[in-house]
Amino acid sequence: MQLQNDTMSTSQQIKANPQGEWLSGAYSFDQLGEVSTLNVHHPKAECSIALQGAQILSFCPQDGKERLWLSQSAVFDGKTAIRGGIPICWPWFGNRGKPSHGFARISNWEVLRLTSNEKQAMVELGLQDSEQTKQLFPYQFQLRLTVVISETLDIKLAITNKDQRPFTFTGALHSYFAVSEVSDTQVIGLAQRCLNSVDNGKEIAVNTPLTFSHALDYVFSNQGQLEVRSGHNMKLSSQGADSWVIWNPWAEGAELMTDMDGNDYHNMLCIEPAVFKTSPELQTGQTYILSLNIE
Ligand code: TA6
């Protein structure tokens with residue numbers, strides 16, 4: 001059976017496609033406003049994924065500490081981008097097209113596969129072109145997001161060109177991390193120079209480790225693993241990203257957003273593996289992998 005039928009409920013879709021050895025009780029479905037979520041319950045971690053955007057909203061390993069930040073004022077109307085978690089920006093990053101950060105994060109994805117064993121749970125979600133996406137991006141494509149949930153979180157976005165013509169794209173895994181206090185947070189492993197997006201992409205010098213005391217929107221070249229020192233420490237690595245985008249809107253930026261409260265900036269930090277400086281060209285049948293590993 002195809003996973004195309006909009007009228008089927010998600011749980012019916014999954015039962016109709018039992019491709020994995022899913023342990024009973026290891027997942028559940030919920031509804032946040034108009035958005036369906038798939039919640040994975042595994043002895044190693046709990047994880048919640050919105051089917052809108054295949055957006056991971058929560059990742060909480062055994063120690064009970066939430067690693068992702070989700071705004072209390074996030075909108076779950078089924079069409080607005082959800083503020084927090086890990087939005088997938090594709091087929092463009094930022095305002096290079098409309099809607100901002102592409103349509104992947106506001107499209108409904110299908111659950112393709114669920115598997116679990118003692119070590120980990122794995123969820124695969126997919127999105128392909130439709131009449132609506134063709135109006136914004138006139139190509140046939142397939143996106144497949146594989147999420148491996150364990151003590152660590154492994155996220156792999158596979159972008160495949162299903163069209164007869166090549167296409168280019170930019171994008172990101174726009175991760176919002178929970179930090180206990182951004183002013184006490186350090187990010188280690190970034191270069192000493194970056195592009196400052198709030199000043200027309202001007203190149204600037206910054207201190208390492210990077211610390212936070214004002215609004216920033218910086219783009220660093222990806223030079224390998226990052227370490228985030230906050231209430232809990234994390235190691236981040238990515239494949240396929242040419243950049244790490246680091247963003248915090250601070251109080252003044254948050255005030256301009258209806259889905260972020262004035263003090264929220266204290267407890268969040270976006271660290272995003274991005275395809276930003278390059279626009280890879282994918283030939284017919286080619287697949288590009290953009291991944292993020294959170295340890
Ligand atoms: O990744 C940083 C950024 O591109 C910022 O410039 C900022 O605007 C942010 O993403 C949020 O964008 P959004 O469209 O989700 O409001």
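Read the numbers this way: they start at 1 and go in the same order the structure lists the ligands and their atoms. In this chain, numbering begins with 1 at the start of the sequence shown.
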For the residue pair Ile56 and Ile155, establish whether any side-chain heavy-atom pair is separated by less than 4.5 Å.
yes
Just jot down the side chain to side chain contact (heavy atoms under 4.5 Å, CB included) partners of Gln192, sequence neighbours excluded, or say none.
Thr208
Show the distances, to 0.1 Å, for all pairs joining an N/O atom of ligand 1 and a protein N/O atom that are shorter than 3.5 Å, listing one pair per line.
from: ligand 1; atom 1: 1 (O); to: His174; atom 2: NE2; distance (Å): 3.0
from: ligand 1; atom 1: 1 (O); to: Glu272; atom 2: OE1; distance (Å): 2.8
from: ligand 1; atom 1: 1 (O); to: Glu272; atom 2: OE2; distance (Å): 2.8
from: ligand 1; atom 1: 4 (O); to: His101; atom 2: NE2; distance (Å): 3.3
from: ligand 1; atom 1: 6 (O); to: Asp217; atom 2: OD2; distance (Å): 2.5
from: ligand 1; atom 1: 10 (O); to: His101; atom 2: NE2; distance (Å): 3.1
from: ligand 1; atom 1: 10 (O); to: His174; atom 2: NE2; distance (Å): 3.0
from: ligand 1; atom 1: 12 (O); to: His101; atom 2: NE2; distance (Å): 3.4
from: ligand 1; atom 1: 14 (O); to: Ser100; atom 2: OG; distance (Å): 2.9
from: ligand 1; atom 1: 14 (O); to: Arg105; atom 2: NH2; distance (Å): 2.9
from: ligand 1; atom 1: 15 (O); to: Arg83; atom 2: NH1; distance (Å): 3.1
from: ligand 1; atom 1: 15 (O); to: Arg105; atom 2: NH1; distance (Å): 2.9
from: ligand 1; atom 1: 16 (O); to: Arg83; atom 2: NH1; distance (Å): 3.2
from: ligand 1; atom 1: 16 (O); to: Arg83; atom 2: NH2; distance (Å): 3.1

Where do Ala45 and Pro61 come nearest, in terms of heavy atoms and distance?
CB-CA, 3.7 Å
What orientation do Tyr139 and Phe167 show, parallel under 30°, tilted 30 to 60°, or perpendicular over 60°?
tilted
Is a side-chain donor or acceptor of Ser71 paired with a backbone partner of Ser73 at a separation under 3.5 angstrom?
yes
Would you say the side chain of Ser107 lies within less than 4.5 Å of the side chain of Gln128, judging by non-hydrogen atoms?
no
